[in-house]
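Presented below is the structure to which this report refers.
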There are 2 protein chains.
Amino acid sequence: MRQHITIKDIARIAGVSTSTVSRALSNSPELSEQTRQRILEICRREGYRVNALARSLICNKTNVIGLIVPEVTNPFYAELSLGIETHARSLGYNVILCNGQNDAKVTEELFGFLISHQVDGIILASSQQDAGTMIQKLAPRLPAVLLGTPALVSGDEVNSVCIDNLAGGRLAAEHLLELGHRDIVYLGNRPNSLTHQLRLRGFTEMMEKAGIIPQVIDNPHGCSSIDIGCALSRKLFANGCSATAIFASTDSMALGVLQAADEYGISIPEDISLLGFDNIIYSALPKIELSTIDQRKQLLAEAAVDLLTRIIDSNEQDEFTHRMIRPTLVSRSSCRAPKK
Amino acid sequence: MRQHITIKDIARIAGVSTSTVSRALSNSPELSEQTRQRILEICRREGYRVNALARSLICNKTNVIGLIVPEVTNPFYAELSLGIETHARSLGYNVILCNGQNDAKVTEELFGFLISHQVDGIILASSQQDAGTMIQKLAPRLPAVLLGTPALVSGDEVNSVCIDNLAGGRLAAEHLLELGHRDIVYLGNRPNSLTHQLRLRGFTEMMEKAGIIPQVIDNPHGCSSIDIGCALSRKLFANGCSATAIFASTDSMALGVLQAADEYGISIPEDISLLGFDNIIYSALPKIELSTIDQRKQLLAEAAVDLLTRIIDSNEQDEFTHRMIRPTLVSRSSCRAPKK
DNA sequence: CTGAAAGCGCTTACAG
DNA sequence: CTGAAAGCGCTTACAG
């Protein structure tokens, strides 16, 4: 069944050596145009397809990039991975997209899988604190880029691309302050996520300048989701919530807030303003209309691929690059001035 | 830089032949437990990792399944791919997830990529009419399963797993009829999609039994999305819409209807009831609360993987299997009885 | 229980 | 311009 046709078969049919077939396929210049065409025609006719495994084994290059995301079901990562795949393809690389499932064990296995398969480099998208350390430990020597978390701050020797979360937090604070909010909740802070730490820090610093100390509600889970956002908000609302605005750590969390608010008869934005972070496509839906901080996924994706391929090509690694992208505010209708 | 440690290095360090190292790694029984442990310890210490390319080349088996989805950014496919990956992993297979981007050219390239990389089998998730033919043409001889479209009907010689779309269409019709609707629009029919044809047929057959001929609005694009749903609905609403209910061909399309309705000041479900198809997670959001037909992604995913691995193991292919999963109605609040 | 040898499908110096 | 040979990293009969 799995009997593929090989270069040997083609050589036999064409009456040439395997070397010649190989050269015809790789567009080697040292070959008469005539024989090349004749051989290529035979390949086409016989449905020949090069065995990438064998070729990569020889060339020590696969032209494959491994991409690990925490969860494809989160639209933020789905959109990000689409951007990465598209840009990588335009540069001649294929992408193997893997689902870490927010699980360190699975992620570690995926590293093993990708390395075993000799990928040329790895992009790890993560908001986990230890993502940089993971790369160092699991893929030393392999070109790698950490996407979404600034490795610079954590001191790991890895390359990274991410949004400026500090600036993002500040943007959020400015927006809510300008609208006149004073009693504000930051919902869903993940203490073990550097990304979230920075987001929070930018937010609180700006708030404190205005003499305000926001209430911070931690998210003890390793990820953010609608369900978690909903659960945390239920607790908040159950205890009676005086705040006029909630800044949710991600859009998914914000969608959860929306759900809990609905259950408690709280209107958004009439009773409470809601601001998210990420700008996933569902935030733009009517009835949702979530104001949010845009992570600019397209820019992130391209920067990560560009950086990784540059490292792969340079074949050296004695300095590390960190790129930060500036976030922007997307103002929709989930935020307004507080009631007097 | 990309100097990996090989079996030869291990052999040298351990003072044995490469054969022995290989046997230690593959848990071959013909080996003293003592040397095995000694060798494995060295491998661990040196951070040795088997080169999957070389191993697969010899074994003629990769334990990798290729999965092509039209778009990971569609939550339906994102959830489906998660189910497939999880189930495949539990059976010892890794999954290479690829993004067809709703583009025949890209999909064809992906087939080439996967076949070149010697995957053991392919799952193609698609709602395109010609998906079965594509498999036959691009991957004859390779174990493959078409997911989401019934190959049986199209007469292609491929295996398939899908929901019973005819039954799904009937379920939708029954629900709207029971609520008392008589003036109904089916929005987003894709004439070149067998899946959608069946959905429509089940729907109209049931309607016609009740003496009703629904208005059908075609979707000329090759895919369904929020934007397309919105654009089609705008046209519908702009011309004045008498219908009391809309059955959208997918949940994404339904979200687009919601958006257009909002623009035209039409309330759902007060003015018009809205029913979707798929049951993506965003349909469950408050304020959205979309009634829909559940495709039961988990069952689909598992059935596809089970079928594919069975074919891979059997190593023969002279009969083709078609599995259909029964859809269910998920009734939320976007559908109600029409105003008198 | 262990090793030498052949071979998986390919590429690339090295000759001619 | 073309071919014979070596080799990528591994596995597996075949001897011993």
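The chains referred to below are lettered A, B, ... by the order of the sequence lines, with proteins before strands, and numbering in each begins at 1.
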Polar atom pairs (N or O), protein with nucleotides 12-16 of chain D, under 3.5 Å:
residue : atom : partner : partner atom : Å
D:dT12  : O4   : B:Ser19 : OG           : 3.4
D:dA13  : N6   : B:Arg23 : NH1          : 3.1

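There is a side-chain donor-acceptor pair under 3.5 Å between B:Thr20 and B:Ser17.
Listed for the B:Thr309 side chain is a donor-acceptor partner under 3.5 Å among the backbone atoms of B:Val305. The backbone N or O of A:Asn63 sits less than 3.5 Å from a side-chain atom of A:Asp120, completing a donor-acceptor pair. The closest donor-acceptor contact from the side chain of A:Asn99 to the backbone of A:Val72 lies under 3.5 Å.
Under the rule for a salt bridge (charged side-chain N to carboxylate O under 4.0 Å, His left out), the partners of A:Arg44 that lie at least two apart in sequence or sit in another chain are A:Glu41. For the side chain to side chain contact (heavy atoms under 4.5 Å, CB included) test, residues two or more places apart in sequence or in another chain that qualify with B:Leu138 are B:Glu108, B:Phe111, B:Met134. With sequence neighbours excluded, the residues forming a side chain to side chain contact (heavy atoms under 4.5 Å, CB included) with A:Val64 are A:Thr62, A:Asn94, A:Ile96, A:Val119, B:Phe113, B:His117, listed by chain and number.
To the nearest 0.5 Å, atom CD1 of residue A:Ile123 and atom OG of residue A:Ser160 are 12.5 Å apart.
The environment of B:Arg323 atom CZ is sparse: at most 12 non-hydrogen atoms of other residues, nucleotides or ligands sit within 6.0 angstrom. Counted within 6.0 Å of CD on B:Glu319, heavy atoms from surrounding residues, nucleotides or ligands total 12 or fewer; the atom is thus considered open.
When the P atom of C:dG9 is taken as reference, atom NE2 of B:His117 falls 17 Å away, rounded to whole Å. Regarding B:Arg36, its CZ atom lies at a distance of 11 Å from the C1' atom of C:dC1, rounded to whole Å. Protein atom CD1 of A:Ile7 is 14 Å distant from nucleotide atom P of C:dC8, rounded to whole Å. Spacing between atom CD of A:Gln34 and atom C1' of D:dC1 amounts to 12 Å, rounded to whole angstrom units.
Within residues 45-57 of chain A, the residues approaching DNA chain D are A:Leu57, by heavy-atom distance under 4.0 Å.
Which of D:dG3, D:dC10, C:dG3 sits closest to the side chain of B:Val16 comes down to C:dG3.
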Practice prompt. Give the dot-bracket string for DNA chain C, reading 5' to 3', where a pair is Watson-Crick or G-U wobble with both distances under 3.5 Å, ( ) marks pairs inside the strand, [ ] marks pairs crossing earlier ones, | marks a partner on another strand, and . marks unpaired.
Written response: |||.||||||||.|||
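Residue whose closest nucleotide on DNA chain C sits further toward the 5' end, between A:Lys8 and B:Glu33: B:Glu33.
When the options A:Val158, A:Val161, A:Ile135, A:Thr321 are evaluated for a side chain to side chain contact (heavy atoms under 4.5 Å, CB included) with A:Val145, the one that passes is A:Val161.
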